[in-house]
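Contents: one structure, followed by commentary.
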Amino acid sequence: MSTPIRELSFGQAINEALRLEMRRDPTVIVMGEDIAGAAGREHLGLSDAWGGPMRATRGLIKEFGAARVIDTPIAEMGFTGMAVGAAMTGLRPVVEIMFVDLIGVCYDQIINQAAKMHYMMGGKVELPMVIRTAYGTRGDKRSYGGGAAAQHSQTLYSVLAHIPGLKVVVPSTAYNAKGLTIAAIRDNGPVVVMEHKFLGTSAKGHVPEEAYTVPIGKCEIVRKGKDVTLVGIGRMTHVCLEAATTLAAGGIEAEVVDVLTINPLDEETIIESVKRTHRCVVVDEDTPVCSMARDIAARVGEAAFDFLDAPVKAISSADTPVPFAAVLEANYTPNADKVVAAVKEQIG
Amino acid sequence: MSTPIRELSFGQAINEALRLEMRRDPTVIVMGEDIAGAAGREHLGLSDAWGGPMRATRGLIKEFGAARVIDTPIAEMGFTGMAVGAAMTGLRPVVEIMFVDLIGVCYDQIINQAAKMHYMMGGKVELPMVIRTAYGTRGDKRSYGGGAAAQHSQTLYSVLAHIPGLKVVVPSTAYNAKGLTIAAIRDNGPVVVMEHKFLGTSAKGHVPEEAYTVPIGKCEIVRKGKDVTLVGIGRMTHVCLEAATTLAAGGIEAEVVDVLTINPLDEETIIESVKRTHRCVVVDEDTPVCSMARDIAARVGEAAFDFLDAPVKAISSADTPVPFAAVLEANYTPNADKVVAAVKEQIG
Amino acid sequence: MKTTSKPTAEKLAWMYERMSLIRQFEERLKWLVETGVPVGAVHYYIGQEAVAAGVCAALNADDWIASNHRGHGHCIAKGVEVAPMMAELFGKVTGTNRGKGGSMHITDITKGILGVNPIVGASVGHALGAALSAKVRQTTQVAAAFFGEGGAGIGITHECMNMASIWKLPVIFVCENNGYAQATPVEYASSTAKISDRAAGYNMPGVNVDGQDPVAVWEAAEAAVKRARAGEGPSFIEAKTYRYFGHHQGDDTLRYRLKEEEQAARDRDCLKQFRAKMEKSGPLKLADLDAIDAQNKKLLDDAVEFAKSSPLPGPEELYTDVYVQAKGGAQ
Amino acid sequence: MKTTSKPTAEKLAWMYERMSLIRQFEERLKWLVETGVPVGAVHYYIGQEAVAAGVCAALNADDWIASNHRGHGHCIAKGVEVAPMMAELFGKVTGTNRGKGGSMHITDITKGILGVNPIVGASVGHALGAALSAKVRQTTQVAAAFFGEGGAGIGITHECMNMASIWKLPVIFVCENNGYAQATPVEYASSTAKISDRAAGYNMPGVNVDGQDPVAVWEAAEAAVKRARAGEGPSFIEAKTYRYFGHHQGDDTLRYRLKEEEQAARDRDCLKQFRAKMEKSGPLKLADLDAIDAQNKKLLDDAVEFAKSSPLPGPEELYTDVYVQAKGGAQ
Ligand SMILES: Cc1ncc(C[n+]2csc(CCOP(=O)(O)OP(=O)(O)O)c2C)c(N)n1
Ligand SMILES: Cc1ncc(C[n+]2csc(CCOP(=O)(O)OP(=O)(O)O)c2C)c(N)n1
Ligand SMILES: [Mg+2]
Ligand SMILES: [Mg+2]
């Protein structure tokens, strides 16, 4: 009799991570807009009516109550600031910024306050706080009339990874989403967790029931290969894997590295891989200028210079805002075809 | 009898640019906190009491009045948004964000509104607006007790250059500051002008009295050389020139490229130079992750791969917040010694 | 702040025509969505029509409005044609934004619209800018900012109210209090019972009007516009209203509110009440209103046909209009 | 919101001691700056001492304060020792922040200080967070946020006032209205004559007190603290005060205000008035106050000596404490 393997979706895995940590530690609280929904209406028999954009916080209020699962007004600067203050005074807040595009209205509290507080104060204060935020384009060529356009589809993590003091993780599967979220909550400094909106079934998979951590600051080699290193971030890891499958059919063995933490970056794992494969393609969903793609390309280009058989190739989304029309959005985001083409160009 | 050459400081040059454009076009307005000072106190004989952090707007209110030289309350998000709306409806606003660190409180209006409006609206609206902001560390080893620390010393332009639709210029001398500011005002889209706080006398120089433009989107080769290309941005261009002088004494001829516009980048000029010199060191005052330094390094590494005799080296500020103590800040920022050392390593 | 003038029959007909067109546009859209036509994320304005119609009835063609994510109604009320609007939702190149913006960015700058804008609060700043522009260029234009009661809580709204007041800018803050920000009830999220009570803290008049009655909204807007054009500064209008459906097309469970509440709101439907009033005391006749409805239906039929038959943007459109090309302006 | 209790002699002595220590700290600092000792950017608190002393006199050791850029006075009033403060300004490793923060970031978390913070408005959020923390952890701690009348205009302040009110958080908004934000007069930048009038728009009590009188400030703070500890929610205190010198050490021309105004403010100096009052009606004697001054002078002498003789941070300090190392917390 085989044990049935428990599979969770990306959102369910994050939900479980939050739930387990909230059980374990009464100082963990979650806050954000409609992370529960129907706030203040328990007396009408209404509650838990929303659960965040990906339902990752659904049900938490039932178990932990409104004191620890806090629906906020639309005031990202204020409540992110509130989380900073709470983290300095004995709580471990997990803040949800509904979409990463909205960091525009609370960027100061993220980059100037949360990220720098420990340093500015000479290391004398800890800041155990997590920011969860959803990002990304659909980019799946479905013949959709349109997506969410320029202000609700961005990736933007480059402008967070840029900031010293801020850890930024980008899970790609239900398994590592749970482990990274738990690691983020247990970290004593600020960590941003970037949650892709359209991972769909590609992220679904076995997730153990108990709490576990996936280490922050470590890449994972998710496919071994000897001819080229494909470096993926978030959903782009799946794009790399798809490309690797195609390449394998043509006899090219691609190694795929899932970055997982974009800051601080585990550059050793990537560089070691490239030293073995002699070629590197970085695939990033963000726009190209000052991107993680070019950041990694530059580090590899410098550290593995003597090992490279071809220039490191950085593949990003188009250097444009995200267009609405599906026909345009489909070309906006990197896909496996582009990765395969880049590798073929390198191997020539 | 020789004509005396008129020299202006960096701030004076910007002041002149603003003044000339305001004379030329009645729709140009300037706004920001204390860009005049003593707002509303003309009746007491008080006015023009401040002039911005670098006095670049000093005196404008005397000539153009309070209707066009608008002191604002402390409300960067609101008044940057106001500028966006004004730019859509017939004005050409020039907004001052006192220090670049403060983009944290108005980032949405810069990156989601100003930068994307033209694209989101299908090209049907123009957005002639300029954001001027001061940035940078002193980094001059003066035995100062301390500087302005983590929240008032940043460079941060990487998080602006990252955004498609936003032009970002970084003048390095009084001459190009005037020309780029005028070009920015005349541009029909949003342009950020990054003004270094501590250029001091290095930027001072001859500035013609009349209006002229320095083209946005063009680098300038400020010193010719054949052995290595040093790429500088803002004050780092002077650091590169200082390093080039030192290197020349040792027989190494460095070419120095002043980037001037970080987005959109004139990569051709840089790449062509590297193809001639076969070596490249990029010097950037911003922190390293997702930086312009690594962005340029990646582009050069890819495009000039076959021409490189050594890995492209990216030199940035430390990957830390800006520390207060002068002894620490002095090591924070790139300087000529570090550039010389990098070149020697490359040529070594 | 009450004005004594009464709306003319023409004005009433105009308001009905707009309310009816908005309602029909949204209902048609909802039908399209439910039959599987993909139009991206949309936020229906159904139920709130009287607010947009009432405010825009007080504005001139060259006045400005700034809109939020729930913007279809504002756009139609200010005069955007429904055919290019529908084409935009279909992602077509004939759309108001060439298919690059979609529902959350619809605009027609020639009609005085600064854009639908889904970053809560952002467009309040844009309205302020248009008002500043009118002042600097010495025109008599005014600007109205539409935002929800949720949007009243975000920082930029506060900043803009203060600045509008100190500079006496010709701007009208129109807070559409539909009771909810997504699934968050206003009585939870707002510290004051009436959002309009906050106006006093900015030294501007604040009124609270029935947002189901276009005439009540129009009266308040008329007074605010008059004040603005006279250089006396901004006003705040809170219009109590209700959205019949979910926050966006995907929100169909509505588990944050009671059916009774929904029914009570529908009983006060702006179109229904307007028709009843006209039937009772004129000046418009029901037949006139039916004719308007029929004409609007035709407009919507044509709009959908136009949207369907229009071409998609070509692949190069991804890369165009990122930067403003040198043209026009003071070059 | 008036409280009837009167300050004890002990409380009065405490307030004078703090005001005197702040004044002496700032005067010593000013002297150091003017004799060329480089301490980075500093914003003197001279003239406003009664506000910090009055508010902190109502707080317990385990209560919290959040401070703005003009923060030396707040820190001293809440109990930070002047020696490490001075060392911080000298960029020494013995400083409150190991020389990494400077004037604009001074803090001592063990004294309940969430930090001096020069991003206008930012620390208002931090005070709110401390208040939330007290509520969630079910302690009776309260948090006070100090901000200027300039800071009252920025968005986050509005957001935090609304949230504090809806959640009845134990927080006190202390607006120090010193008449200026840099060179911008309050009567230009604020739409209301009294900033405290805005409190009503958040359904919280708002009072306007004489910021030159520590007892008046203390009374208002006592009432606010009582309300906060009772779970009744936030309060707003506007303290009218004045800064005698420029916005920062480099602002010495003060071309935005009249000398007469400065003189009028100095005539109402908090220390001078306090001494006069005590002389007239006690309970403290001038000799007591003189003794306090003398003791504070000694503290300052020692502080400067400590700062001067302390070592600079080593070069490795640039790279330490960027990320929080795993320790403590709920690991
Ligand atoms: C700054 C910001 N925060 C959050 C969101 C997500 N969001 C979009 S609409 C909305 C609710 C808005 O409520 P309200 O202002 O009352 O307008 P309504 O939807 O009721 O018309 C939220 C939270 C956003 N788009 N922008
Ligand atoms: C968000 C932000 N905007 C602008 C500044 C620059 N700045 C620093 S202090 C200050 C004036 C603050 O005035 P107020 O709040 O009244 O405090 P005061 O200086 O009078 O004590 C300004 C504009 C800043 N540091 N942060
Ligand atoms: Mg609403
Ligand atoms: Mg002030």
Side-chain angles (χ1 to χ4, degrees), chain A residues 77 101-113 115-116 119-120 149-151 154 156-165 262-265 282 286-306 308 310-314 318-321 323-324, chain B residues 77 101-113 115-116 119-120 149-151 154 156-165 262-265 282 286-306 308 310-314 318-321 323-324:
Chain A
M77 188 72 97
D101 314 72
L102 307 180
I103 61 169
V105 301
C106 55
Y107 199 50
D108 175 67
Q109 288 291 344
I110 303 173
I111 71 158
N112 286 329
Q113 311 302 332
K116 297 178 170 61
Y119 190 87
M120 294 186 306
Q151 293 178 340
Q154 291 172 90
L156 267 187
Y157 47 50
S158 308
V159 304
L160 299 170
H162 178 63
I163 307 299
I262 55 175
N263 192 51
L265 180 72
V282 189
D286 210 341
T287 53
V289 180
C290 296
S291 60
M292 271 318 292
R294 290 202 179 134
D295 178 282
I296 294 171
R299 298 199 214 193
V300 170
E302 188 174 336
F305 185 73
D306 294 329
L308 287 171
V312 181
K313 175 89 186 165
D319 196 8
T320 73
F324 169 71
Chain B
M77 188 72 96
D101 314 72
L102 307 180
I103 61 169
V105 300
C106 55
Y107 199 50
D108 175 66
Q109 288 291 343
I110 302 173
I111 70 157
N112 285 331
Q113 311 303 331
K116 298 177 170 62
Y119 189 87
M120 294 187 304
Q151 294 178 339
Q154 291 172 88
L156 267 189
Y157 46 51
S158 307
V159 305
L160 298 171
H162 178 64
I163 308 298
I262 56 175
N263 192 50
L265 180 73
V282 189
D286 209 342
T287 52
V289 180
C290 296
S291 60
M292 272 316 293
R294 291 204 179 134
D295 179 282
I296 293 171
R299 298 199 214 194
V300 170
E302 187 174 338
F305 185 73
D306 294 329
L308 287 171
V312 181
K313 175 90 187 164
D319 196 7
T320 74
F324 169 71

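Within every chain, numbering begins at 1; the chains are lettered A, B, ... in the order of the sequence lines, protein sequences first and strands thereafter. Please read all numbers here as calculations on a predicted model, not as lab measurements.
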State, to 0.1 Å, how close B:Tyr107 and A:Val159 come at their nearest heavy-atom pair, and which atoms those are.
OH-CG1, 3.2 Å
Looking at B:Asp295 and A:Cys290, would you say the former's side chain and the latter's main chain have a donor-acceptor pair under 3.5 Å?
yes
Please examine the side chains of B:Leu156 and A:Ile111, heavy atoms only from C-beta on, and report whether any two atoms are closer than 4.5 Å.
yes
Less than 4.5 Å to any heavy atom of chain A: does that hold for the side chain of B:Gln113, its backbone, both, or neither?
both
Picking from A:Val300, A:Ile296, A:Asp286, which has the most non-hydrogen pairs under 4.5 angstrom with chain B?
A:Asp286
Select one option (side chain, backbone, both, neither) describing which atoms of B:Val105 are under 4.5 Å from chain A's heavy atoms.
both
Indicate the atoms forming the closest heavy-atom contact of B:Gly301 with A:Pro311, along with that distance.
O-CB, 3.8 Å
What residue, out of A:Ala314, A:Ala150, A:Ala149, A:Ser158, has the most heavy-atom pairs lying under 4.5 Å from chain B?
A:Ser158
Under 4.5 Å to a heavy atom of chain A? For B:Ile163 that would be side chain
Of the listed B:Gly165, B:Pro288, B:Pro323, the one with the largest count of heavy-atom pairs under 4.5 Å with chain A is B:Pro323
Can you say whether B:Met77 sits under 4.5 Å from chain A via the side chain, the backbone, both, or neither, judging by heavy atoms?
side chain
Name the option with the most non-hydrogen atom pairs under 4.5 Å to chain A; the candidates are B:Ser291, B:Cys106, B:Ala297.
B:Ser291
Is the backbone N or O of B:His162 less than 3.5 Å from a side-chain atom of A:Thr287, with the two atoms forming a donor-acceptor pair by type?
yes
Heavy-atom distances under 4.5 Å only: say whether B:Pro264 touches chain A with side chain, backbone, both or neither.
neither
Would you mind checking which part of B:Asp319 comes under 4.5 Å of any heavy atom in chain A, side chain (CB onward), backbone (N, CA, C, O), both or neither?
both
Using a 4.5 angstrom heavy-atom cutoff, name the option from B:Arg299, B:Met120, B:Lys313 with the most pairs to chain A.
B:Arg299
Looking only at heavy atoms and a cut-off of under 4.5 Å, which of A:Ala318, A:Pro321, A:Ala293 has the most pairs with chain B?
A:Pro321
Using side-chain heavy atoms (C-beta onward) and a distance below 4.5 Å, is B:Met292 in contact with A:Val289?
yes
Spacing of CZ belonging to B:Phe324 relative to OH belonging to A:Tyr119, to within rounding of 0.5 Å
12.5 Å
Considering only heavy atoms, which portion of B:Ala310 lies under 4.5 Å from any heavy atom of chain A: side chain, backbone, both, or neither?
backbone
Give a yes or no answer on whether the side chain of A:Asp101 reaches the backbone of B:Asn112 with a donor-acceptor pair at less than 3.5 Å.
no
